[in-house]
Enquirer: 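For reference, the structure I am asking about is given below.
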Amino acid sequence: LAESLWTHLCQLAAEARGSAGSYTLSDLVSKLAPHFEFRERPRVEQDLRRLRQFSTERHISSVRDVIGDDLRLPTVDAIKELEESLAKAPVVLFLGVSGSGKSVVLRHFVEGAAPGELRLYFRADLNPASPSFLEQHLSLQHSLTDCLSEGMFGAITMVVDQVDRLLTESQIADVVQLLAATKHLRP
């Protein structure tokens with residue numbers, strides 16, 4: 001067992017050496033878990049449930065997707081374009097004139113997550129969008145970066161909406177920190 005672990009660790013070091021990379025604890029656990037059974041593994045499920053619940057109840061629910069009693073904006077084509085753009089780039093700016101339905105498209109995109117995929121939606125104008133705010137406000141047991149890098153999901157996408165409504169450098173810095181917490185999720 002020790003020899004096999006050493007071989008895998010040397011292999012990971014060789015892979016990281018070429019790009020001067022490093023691994024977080026969560027990265028190591030994710031890479032080694034298919035080959036070894038751990039007695040203890042960071043458990044982030046509860047934190048991820050809290051993040052998803054906060055995203056859904058506080059943020060997604062704030063976006064109305066019905067006009068009047070039953071008129072819904074068509075979003076299928078825009079969602080397809082968004083998915084194609086995300087397949088090509090880790091960060092996508094979704095632009096349009098005010099009131100054109102951008103937030104509704106983003107809401108439907110997040111709600112359409114496939115099983116095994118995590119999509120989180122945050123409105124930058126409702127709360128501070130920093131990782132430290134989310135960690136404290138939601139009483140997360142692990143850092144946001146560790147939660148999102150645990151490897152429980154095949155794909156993780158974070159949507160930060162209403163960034164154009166931020167007025168201060170501090171608010172914009174919060175969004176940058178939030179995006180930096182997820183930088184390792186996409187190549």
Enquirer: Donor-acceptor pair, Glu83 side chain versus Lys80 backbone, under 3.5 Å?
Expert: no

Enquirer: Assess whether atom CD of Glu84 is packed by more than 12 heavy atoms of other residues, nucleotides or ligands within 6.0 Å.
Expert: yes

Enquirer: Atom CG of Leu138 and atom CZ of Arg49: how far apart are they, to the nearest 0.5 Å?
Expert: 13.5 Å

Enquirer: State whether the side chain of Glu117 and the backbone N or O of Ala114 hold a donor-acceptor pair below 3.5 Å, judged by distance alone.
Expert: yes

Enquirer: Would you say Leu106 and Val66 are hydrophobically clustered, going by side-chain heavy atoms of ILVMFWY under 4.5 Å?
Expert: no

Enquirer: Could you list who else is in Trp6's hydrophobic cluster, with ILVMFWY side chains joined at under 4.5 Å, directly or through other members?
Expert: none

Enquirer: Test your reading of the model: is there a side-chain donor-acceptor pair from Asp47 to the backbone of His142, 3.5 Å cut-off?
Expert: yes

Enquirer: Within the 4.5 Å heavy-atom criterion, are Ser62 and Arg123 side-chain neighbours or not?
Expert: yes

Enquirer: Taking the side chain from Glu57 and the backbone from Ser55, do they hold a donor-acceptor pair closer than 3.5 Å?
Expert: no

Enquirer: What closest approach, in Å, do Leu178 and Pro131 show between heavy atoms, and which atom pair accounts for it?
Expert: N-CD, 3.6 Å

Enquirer: Measure from the side-chain N and O atoms of Ser100 to the backbone N and O of Gly96, and report whether any donor-acceptor pair falls under 3.5 Å.
Expert: no

Enquirer: If only side-chain N and O atoms count, and only distance matters, is there a donor-acceptor pair under 3.5 Å linking Arg50 with Gln53?
Expert: no

Enquirer: State, with a plain yes or no, whether a side-chain heavy atom of Leu12 is found less than 4.5 Å away from one of Glu15.
Expert: yes

Enquirer: Are the side chains of Asp174 and Leu166 in contact, using a 4.5 Å heavy-atom criterion?
Expert: no

Enquirer: So, Lys102 side chain and Val97 main chain: donor-acceptor pair closer than 3.5 Å or not?
Expert: yes

Enquirer: Should the pair Arg119 and Phe109 be classed as cation-pi, given the thresholds of under 6.0 Å to the six-membered ring centre and 45° from the axis?
Expert: yes

Enquirer: Parallel, tilted or perpendicular: which fits the ring planes of Phe122 and His59, with parallel below 30° and perpendicular above 60°?
Expert: perpendicular

Enquirer: State yes or no: do Leu93 and Tyr121 share one hydrophobic cluster built from I, L, V, M, F, W and Y residues joined by side-chain heavy-atom distances below 4.5 Å, directly or via other members?
Expert: no

Enquirer: Just wondering, do Leu120 and Thr157 contact through their side chains at under 4.5 Å, heavy atoms?
Expert: no

Enquirer: Do Leu9 and Leu32 have side chains that approach each other closer than 4.5 Å (heavy atoms only, starting at C-beta)?
Expert: yes

Enquirer: Side-chain contact, heavy-atom cut-off 4.5 Å: Ile172 with Val175?
Expert: no

Enquirer: Can you confirm whether the side chains of Glu135 and Ser143 place a donor and an acceptor under 3.5 Å from each other?
Expert: no

Enquirer: Is the closest side-chain donor-acceptor distance between Ser130 and Ser132 under 3.5 Å?
Expert: yes

Enquirer: Below 4.5 Å, heavy atoms only, C-beta onward: do Thr56 and Val110 meet side chain to side chain?
Expert: no

Enquirer: Does the pair Glu111 and Arg107 meet the rule for a salt bridge (charged side-chain N to carboxylate O under 4.0 Å, His left out), with working shown?
Expert: CA-CA 6 Å; Glu111 291 174 333; Arg107 174 186 176 157; 2.9 Å; yes

Enquirer: Could you tell me which non-hydrogen atom of Cys147 sits nearest to which non-hydrogen atom of Leu51, and how far apart they are?
Expert: CB-CD1, 4.4 Å

